There are 2 protein chains.
Amino acid sequence: MADTPAPARSAGPGASRPAASARSGGPEAAAPRAGGQRRHASRPTMKDVAARAGVGLKTVSRVVNEEAGVSTDTERRVQEAITALGFRRNDSARVLRKGSTASVGLILEDLADPFYAPLSRAVEEVARAHGALLINGSSAEDPARERELALALCARRVDGLVIVPASEDHRYLAPEIAAGIATVFVDRPPGHIKADMVLSESFDGARSGVAHLIAHGHRRIGFIGDQPRIHTARERLRGYRAAMAEAGLPVADSWVALGGTEPDRVRADAARMLEGQGGGEPVTAFFSGNNRVTVTLVRVLAAPERRGRAALVGFDDFELADLLSPPVTVVAQNPADLGRSAAQLLFRRLAGADDEPRTVCRPTRLIARGSGEIPPPR
Amino acid sequence: MADTPAPARSAGPGASRPAASARSGGPEAAAPRAGGQRRHASRPTMKDVAARAGVGLKTVSRVVNEEAGVSTDTERRVQEAITALGFRRNDSARVLRKGSTASVGLILEDLADPFYAPLSRAVEEVARAHGALLINGSSAEDPARERELALALCARRVDGLVIVPASEDHRYLAPEIAAGIATVFVDRPPGHIKADMVLSESFDGARSGVAHLIAHGHRRIGFIGDQPRIHTARERLRGYRAAMAEAGLPVADSWVALGGTEPDRVRADAARMLEGQGGGEPVTAFFSGNNRVTVTLVRVLAAPERRGRAALVGFDDFELADLLSPPVTVVAQNPADLGRSAAQLLFRRLAGADDEPRTVCRPTRLIARGSGEIPPPR
DNA sequence: CTGAAAGCGCTAACAA
DNA sequence: TTGTTAGCGCTTTCAG
């Protein structure tokens with residue numbers, strides 16, 4: 001990350017900025033500054049506005065908060081002072097007094113992952129509908145980072161938290177929840193703590209996806225999934241095993257690979273399974289545990305020498321899946337819906353609901369497009 | 001399991017907060033609550049911790065902030081009280097006193113857009129490296145919403161702001177910037193205000209992309225871009241016109257369509273251009289203004305009856321572009337790099353730089369993959 | 001090494 | 001309709 005912004009073509013000439021407005025009556029406050037932006041200029045407060053408008057502090061507060069009971073004339077004078085001074089209410093002070101921040105936090109694995117981005121956006125929309133701001137952070141699948149982020153958000157007194165767990169133990173949140181920070185888990189369940197959660201039916205989804213491959217004649221199916229400490233990875237593997245067992249098919253150890261979603265790892269495991277290394281016979285189909293894995297498998301299977309040689313069903317839908325050749329059959333979740341549901345559960349708590357923690361399960365949907373219907377060779 | 005505090009009906013609404021002094025010697029930590037999460041439970045303060053540990057307030061502050069000059073024994077006692085009470089520092093109060101929030105805001109069009117998601121993630125990483133939190137909001141390309149978000153963030157006293165403009169006039173930010181909120185614009189320039197900005201070379205990129213099509217024999221090329229009020233849309237159109245003009249090619253009005261990125265709009269415009277409706281002759285190639293448009297065009301051109309009938313070069317790279325048939329030729333930007341550069345510029349200001357506003361331009365890269373090298377019919 | 005007192009800028013509760 | 005007085009929970013200052 002050492003790359004500094006390039007040698008910049010400078011923008012034009014002297015950006016003279018008008019001097020900051022005067023502070024209560026005094027001389028034109030802030031000293032002139034360079035074209036750049038100055039830091040830490042002092043900001044006018046309600047007190048300054050009050051002085052300038054010749055009214056009391058509380059009157060300014062009333063105007064700023066649009067409370068009733070201010071004469072139109074007074075209001076106008078206050079508004080003028082606000083504009084002249086460039087006043088903006090300091091919400092930190094307000095929060096300190098009122099106790100609520102009108103903001104919620106969201107912690108997930110990676111904001112840039114195409115699965116999580118819509119989830120995040122959905123949470124944002126619900127928050128916005130409730131007049132709250134969203135603060136979000138990426139845990140990068142690191143439990144320590146999740147914890148650090150969550151506690152930082154708690155220190156900022158967000159009203160609530162939506163978390164896609166990276167950690168397996170959320171007892172660290174107990175005091176926070178006890179102190180009133182509503183918390184909802186999404187995509188994966190929390191560890192050692194009870195709270196609302198929204199999950200997709202990973203087990204059922206994976207089972208139906210694998211059953212689909214079996215129905216198309218496959219008997220040797222590889223499973224490539226995410227790290228085993230991730231709940232959804234385990235559940236999907238469980239679904240895979242269930243489908244195989246239900247069909248009376250054995251599962252060779254070498255057909256199952258859980259690990260990071262780095263393309264190299266996935267590629268290596270896939271190659272191994274296709275060659276039949278590690279004990280079992282070569283697989284004729286893959287079930288992949290999430291969209292990152294699927295995308296890499298698509299690349300593996302697109303290589304000329306492997307073209308159409310193995311079937312593929314992936315967990316998670318993804319953009320353009322239908323335009324690949326073959327188009328990719330998937331078990332689709334609805335990430336935006338997950339986010340929306342989680343946020344709704346959160347705001348329900350914030351509205352005062354204090355019944356037992358709920359678990360919402362969202363169904364998955366098998367979308368057959370082609371890659372999952374390729375028959376086994378011979 | 002130290003789970004959720006035992007089931008028991010909550011203290012109920014209006015559970016009045018005990019006087020601080022009364023709390024100190026009181027019962028162990030938090031009161032029992034219902035299975036659900038209770039709202040607005042009172043949180044212990046430093047004062048409570050001090051009382052419990054039998055030390056002064058400032059000593060607790062020292063421990064919490066890891067300041068030097070506290071005996072190990074005192075520190076231990078304070079830590080115990082902190083744990084027992086479930087204390088967490090209230091950052092609102094801290095901010096009020098210190099003036100800085102260690103947080104920055106990011107406003108962009110849509111967090112879920114595959115172009116902006118990595119940009120956001122990059123800003124987050126830089127912020128994190130500087131110990132700051134990221135608060136972000138989607139403007140949904142609505143100027144009013146951008147403004148509302150930006151001002152809300154200012155009220156929260158973020159240290160700085162990174163903005164992908166939706167608005168064309170940013171004078172509303174002048175008082176904020178004057179008051180010390182560093183601001184950097186990215187992807188598009190600000191309106192009527194001077195500030196740091198990071199842009200991709202839209203004009204050059206589009207020109208080279210269109211020139212590429214011309215070099216492959218095309219003379220009738222359609223341009224489908226984003227709304228004309230978006231700076232990059234205009235710049236890319238300008239690049240298109242420049243390339244055409246440089247090749248001595250005329251541009252029929254019907255070959256240019258700017259508008260929203262909704263698939264229906266794009267599809268309709270594309271169909272019109274392919275049929276030669278609206279005056280000009282049918283186009284043999286498309287240049288698309290951004291990744292949303294490109295994806296729709298890919299769909300249009302993937303229809304059996306149009307298979308390979310028109311060439312395509314798109315602005316912005318996107319995942320799997322290389323696996324489509326034909327693979328899609330693009331003018332690639334680097335969104336993560338844009339975000340990183342913008343954030344670096346921001347933290348440079350926060351570190352005190354107050355020189356002239358800078359403009360950083362990032363180059364684009366033409367990636368030929370196939371769709372842009374299809375020759376015109378005949 | 002430790003603590004008491006004075007605010008940070010705002011809102012709540014009361015006067016006037 | 002308006003203003004005054006207390007804090008919110010923390011950090012700063014300065015004195016023990």
Side-chain angles (χ1 to χ4, degrees), chain A residues 23-24 40-78 81-82 85-102 154-157 179-180, chain B residues 16-21 23-24 40-78 81-82 85-102 154-157 179-180:
Chain A
R23 197 80 187 205
S24 47
H40 277 152
S42 67
R43 298 199 65 137
T45 71
M46 280 192 182
K47 199 173 154 193
D48 300 321
V49 174
R52 166 121 185 184
V55 299
L57 180 55
K58 179 64 197 177
T59 300
V60 176
S61 174
R62 287 198 180 94
V63 171
V64 169
N65 296 301
E66 299 176 316
E67 283 171 37
V70 180
S71 73
T72 28
D73 185 59
T74 311
E75 173 168 0
R76 193 183 39 70
R77 293 210 337 272
V78 172
I82 287 176
L85 260 29
F87 167 82
R88 179 155 319 277
R89 182 179 66 197
N90 184 332
D91 277 355
S92 299
R94 170 168 230 251
V95 163
L96 184 56
R97 197 63 247 246
K98 300 202 70 150
S100 158
T101 53
C154 289
R156 277 163 203 247
R157 298 293 188 269
Chain B
S16 62
R17 174 182 172 146
S21 45
R23 253 193 299 172
S24 43
H40 277 153
S42 68
R43 298 200 66 136
T45 71
M46 280 192 182
K47 197 173 157 193
D48 300 321
V49 174
R52 166 122 186 180
V55 300
L57 179 57
K58 176 63 200 180
T59 299
V60 176
S61 173
R62 286 198 181 93
V63 171
V64 169
N65 297 301
E66 299 177 315
E67 283 171 36
V70 180
S71 72
T72 28
D73 185 60
T74 310
E75 174 168 359
R76 192 184 39 70
R77 294 212 332 277
V78 172
I82 287 176
L85 261 27
F87 168 81
R88 180 155 318 277
R89 182 180 66 198
N90 183 331
D91 277 355
S92 299
R94 172 170 228 249
V95 161
L96 183 55
R97 197 62 245 244
K98 301 202 69 151
S100 158
T101 53
C154 289
R156 278 164 202 246
R157 297 295 188 269

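Because the structure is predicted, anything quoted here is derived from the model rather than measured. Every chain is numbered from 1, with letters handed out A, B, ... down the list of sequences.
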Whole angstroms only, please: what is the [atom1]-[atom2] distance between [X] and [N]?
X      : N       : atom1 : atom2 : value
K47(B) : dT11(D) : NZ    : P     : 16 Å
E75(B) : dT2(C)  : CD    : P     : 10 Å
L96(B) : dG7(D)  : CG    : C1'   : 12 Å
E66(A) : dT1(D)  : CD    : P     : 17 Å

For the [atom1] atom of [X] and the [atom2] atom of [Y], what is their distance to the nearest 0.5 Å?
X      : Y       : atom1 : atom2 : answer
K98(A) : S100(A) : NZ    : OG    : 8.0 Å
L57(B) : D48(B)  : CG    : CG    : 10.0 Å
R43(B) : L85(B)  : CZ    : CG    : 11.0 Å

Side-chain atoms of T45(B) come closest, of dT2(C), dT2(D), dG9(D), to dG9(D)

Go through the structure and list residues passing side-chain contact (heavy atoms from CB on, under 4.5 Å) with V60(A), not counting sequence neighbours.
M46(A), V49(A), A50(A), V55(A), V64(A), V78(A)

Closest non-hydrogen atom pair, R88(B) against C154(A)
CD-CB, 3.9 Å

Does a side-chain N or O of T59(A) approach OP1 or OP2 of dT2(D) to a distance below 4.0 Å, or not?
no

Look at the side-chain N and O atoms of S71(A) and state whether any lies under 4.0 Å from the OP1 or OP2 oxygen of dT2(D).
yes

V55(B) near the nucleic acid: base, sugar-phosphate alone, or nothing, with a heavy-atom cut-off under 4.0 Å?
sugar-phosphate

For T74(B), which contact category applies under a 4.0 Å heavy-atom criterion: base, sugar-phosphate, or nothing?
sugar-phosphate

The answer to which of V70(B) and F87(A) contacts DNA chain C further toward the 5' end, by nearest nucleotide, is V70(B)

I want to check something: taking the side chain as every heavy atom from C-beta on, are [X] and [Y] in contact at a cut-off of under 4.5 Å?
X      : Y       : result
N90(A) : R157(B) : yes
R62(B) : E75(B)  : no
N65(B) : R94(B)  : yes

On DNA chain D, nearest-nucleotide positions of N90(B) versus G69(A): which is more 5'?
G69(A)

Between its two end axes (five pairs each) the helix from dC1(C)-dG16(D) to dA16(C)-dT1(D) turns, nearest 10 degrees, through 30°

Nucleotide N/O of nucleotides 11-15 of chain C paired with protein N/O under 3.5 Å:
| from | atom 1 | to | atom 2 | distance (Å) |
| --- | --- | --- | --- | --- |
| dT11(C) | OP1 | N65(A) | OD1 | 3.4 |
| dT11(C) | OP1 | N65(A) | ND2 | 3.2 |
| dT11(C) | OP1 | R94(A) | NE | 2.8 |
| dT11(C) | OP2 | S61(A) | OG | 3.0 |
| dT11(C) | OP2 | N65(A) | ND2 | 3.3 |
| dT11(C) | O2 | R97(A) | NH1 | 3.0 |

L96(A): which of V95(B), D91(B), L96(B) passes side-chain contact (heavy atoms from CB on, under 4.5 Å):
L96(B)

